[in-house]
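Heads up: the structure comes next, in structure tokens.
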Protein chains: 2
Amino acid sequence: MDDYLSSVDDAVADLAQDRGRLGRSSTAERVADILRDRISEGFFEPGQRLSEEAISEALGVSRNTLREAFRLLGHERLLDHRLNRGVFVRVLSAEDVADLYRVRRVLEGAAVRRPPSKQALELIAEAVADAERAAAADDWQAVGTANIRFHQALVTANQSPRLDEAMRQLLAELRLVFHVMANPRDFHEPFVQRNRRLFDLLQDGRLDEAATFLDGYLDEAEQLLIRAYEPNR
Amino acid sequence: MDDYLSSVDDAVADLAQDRGRLGRSSTAERVADILRDRISEGFFEPGQRLSEEAISEALGVSRNTLREAFRLLGHERLLDHRLNRGVFVRVLSAEDVADLYRVRRVLEGAAVRRPPSKQALELIAEAVADAERAAAADDWQAVGTANIRFHQALVTANQSPRLDEAMRQLLAELRLVFHVMANPRDFHEPFVQRNRRLFDLLQDGRLDEAATFLDGYLDEAEQLLIRAYEPNR
DNA sequence: CTTGTCGAATTGTTCAACGATCCTTACGTT
DNA sequence: AACGTAAGGATCGTTGAACAATTCGACAAG
């Protein structure tokens, strides 16, 4: 009987993992999801103003609800809310890009310096493989998203939900900038090999080497980005 | 005449620094400020429900505006927004506390490992002095806020606005927990000396020592907190 | 070319209303 | 005693309309 009870308890405990999915749905949040996707895919361009009237009508929600969605995205730094002037898709300055890479060095650097869990290694390996596969297929858009997943997986090694969330937001912000890269191949291709190399270092437990390798990696990515970005300010 | 023009230009350029203060005031944000203060001072206790009707009436704003404020604080993790049930002052679990300290180790650890700027050192020195002064005056509440300023100043060394902001949020979240400490003196006193010691190490450029010292520091703070916190769950 | 003024357009905020959801209580069933 | 159901009240989610406040561009005056 003890067995029976404990197995039930186990099942219930497992179930608790899905609890997160229950509460998740309010119109405002769903609207925010839609807008977030549109922004990160480049449908709304940085600097563009999002009219309350036009969008609320287009999505069939009231202005008040739309404004709640705007607030959410504003806090994620995807939208810029200027009083009495409306909300605009965020325009990142070169300093913003530099700051984002400063944060990446801290977040990813800390992750790389600690022995990764088996789970984390698996996630990282998957992302590397996906990137290589996409590169072989000349699908550079897919390479880009796989690269992003790679770095997200890296941060996972910190075992911290809050750092994961911070990284998620950071990468969403960075996507605002990726669209300025005229040729996505030039930007994403060089890093596919490096991802593989970084993964190998991590797997072999050569953490110090991984850390310095990562620093060089991020330096170059930042410079590539800023060089392509600085002109049109 | 050139001189005249350029001096005017300079004056105008200076003025641009104050631009940030212009936009900053909407009713919703001011309401959020009020509520944030009330929460961090313990007026609203963790777990308490904040009624839209009661608070909107008390503050003399509409429910819609209040909801915008709630969204803001929800994103700062100070409020817990449960669909159709209202907003509650966030209740941190022991895992939350552990995670917060994980993030602190990353943020403060990275800061301590890089040579601090003169400005940063100054901010840190001020916080240390304030804490010592308050400790001498037996004002343990003030010691607590000075300690918080100390750690905020530490992170300043990262030279990253986003990390500063992350630290600000993190500390606001931690304040939710500080109120469970029955005797603030026991919690804050041991760290006044350590702040001084950490400052000395930084000033002398003994960064590695500072880093390991900080790790021990954070470990102890975390355990103190969790020990006082775990029981009442 | 700068400054003042006016009006259209948009946002900020409020209000009232209605449906949807949750909580509580009570009642009946097994 | 544990569980399923039902009813009612309270609160939230969302809407639509309304008005004040603010911005912005145009146009006239100096």
Side-chain angles (χ1 to χ4, degrees), chain A residues 1 4-5 8-9 12 15 19-35 44 47-75 78-91, chain B residues 1-2 4-5 8-9 11-12 15-16 18-35 44 47-75 78-91:
Chain A
M1 174 147 157
Y4 174 72
L5 278 181
V8 168
D9 284 351
V12 171
L15 216 53
R19 180 165 39 180
R21 282 187 238 171
L22 279 184
R24 266 203 213 144
S25 65
S26 82
T27 308
E29 286 174 18
R30 266 172 286 142
V31 170
D33 289 340
I34 294 175
L35 297 179
F44 293 127
Q48 183 175 349
R49 174 168 150 271
L50 303 186
S51 157
E52 290 188 357
E53 190 182 358
I55 294 184
S56 67
E57 192 173 348
L59 292 179
V61 299
S62 79
R63 261 181 69 212
N64 281 321
T65 300
L66 179 62
R67 290 173 121 265
E68 291 207 351
F70 279 169
R71 289 279 179 187
L72 289 175
L73 298 174
H75 241 270
L78 295 183
L79 294 183
D80 190 2
H81 201 138
R82 308 183 210 171
L83 193 61
N84 286 314
R85 304 217 279 145
V87 299
F88 300 77
V89 179
R90 181 83 185 288
V91 178
Chain B
M1 175 150 158
D2 266 338
Y4 174 71
L5 278 183
V8 168
D9 283 351
V12 171
L15 216 52
D18 295 346
R19 180 165 40 181
R21 283 187 238 169
L22 278 185
R24 264 197 213 146
S25 65
S26 83
T27 307
E29 287 175 15
R30 265 173 287 144
V31 169
D33 288 341
I34 293 175
L35 296 178
F44 293 127
Q48 182 174 348
R49 174 167 151 271
L50 303 186
S51 158
E52 289 188 356
E53 190 182 358
I55 294 185
S56 67
E57 192 173 348
L59 292 180
V61 300
S62 79
R63 264 180 66 211
N64 282 324
T65 300
L66 179 62
R67 289 171 122 264
E68 291 205 352
F70 279 169
R71 291 279 179 188
L72 289 176
L73 297 174
H75 243 268
L78 295 183
L79 294 183
D80 191 3
H81 201 137
R82 307 182 211 171
L83 194 59
N84 285 316
R85 301 217 279 144
V87 298
F88 301 77
V89 179
R90 182 84 184 288
V91 178

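Just so it is clear, the structure is predicted and the values come from calculations on it, not from any experiment. Letters go in sequence order (proteins before strands), and every chain restarts at 1.
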Given B:Phe70, which partner from the list B:Leu50, B:Leu78, B:Val31 fulfils the side-chain contact (heavy atoms from CB on, under 4.5 Å) test? B:Leu50
May I have the distance from B:Glu68 (atom CD) to C:dG12 (atom C1'), rounded to whole angstrom? 9 Å
At less than 4.0 Å, is any side-chain N or O atom of B:Ser51 found next to OP1 or OP2 of D:dT11? Yes or no. no
Measure CZ/A:Arg67 against C1'/C:dT11 and give the value in whole Å, please. 6 Å
Within this structure, what is the CZ-CD1 distance for the pair A:Phe44 and A:Ile55, rounded to the nearest 0.5 Å? 4.5 Å
Between P of C:dG12 and CG of B:Asn64, the distance in whole Å: 13 Å
side-chain N/O A:Thr27 vs D:dG13 OP1/OP2, d < 4.0 Å: no
Measure from the side-chain heavy atoms of B:Ser62 and tell me the nearest of D:dT15, C:dT14, C:dT11. C:dT14
Among the candidates C:dG12, D:dT14, D:dT11, find the nucleotide nearest to the side-chain atoms of A:His81. C:dG12
Between D:dT11 atom C1' and B:Ile55 atom CD1, what is the distance in whole Å? 13 Å
Between atom CG in A:Leu83 and atom P in C:dT10, what is the gap in whole Å? 17 Å
Can you measure A:Glu53 atom CD to D:dA17 atom C1' for me and round it to whole angstrom units? 13 Å
When rounded to whole Å, the CD to C1' distance for the pair B:Glu52 and C:dT14 reads 15 Å
dist A:Leu72:CG -> A:Asp33:CG (nearest 0.5 Å) comes out at 9.0 Å
Are more than 12 heavy atoms, taken from residues, nucleotides or ligands other than A:Glu53, located less than 6.0 Å from that residue's CD atom? no
Nearest-Å distance for atom pair CG/C1', residues B:Asn84 and C:dC22: 7 Å
Distance below 4.0 Å between B:Thr65 side-chain N/O and C:dT14 OP1 or OP2: yes
Under 3.5 Å, is there any donor-acceptor pair linking the side chain of B:Arg85 to the base of D:dG13? no
Test item: A:Asp80 and A:Arg82 side chains (from C-beta on) under 4.5 Å apart, heavy atoms: yes
Any A:Arg49 side-chain nitrogen or oxygen under 4.0 Å from OP1 or OP2 of C:dT11: yes
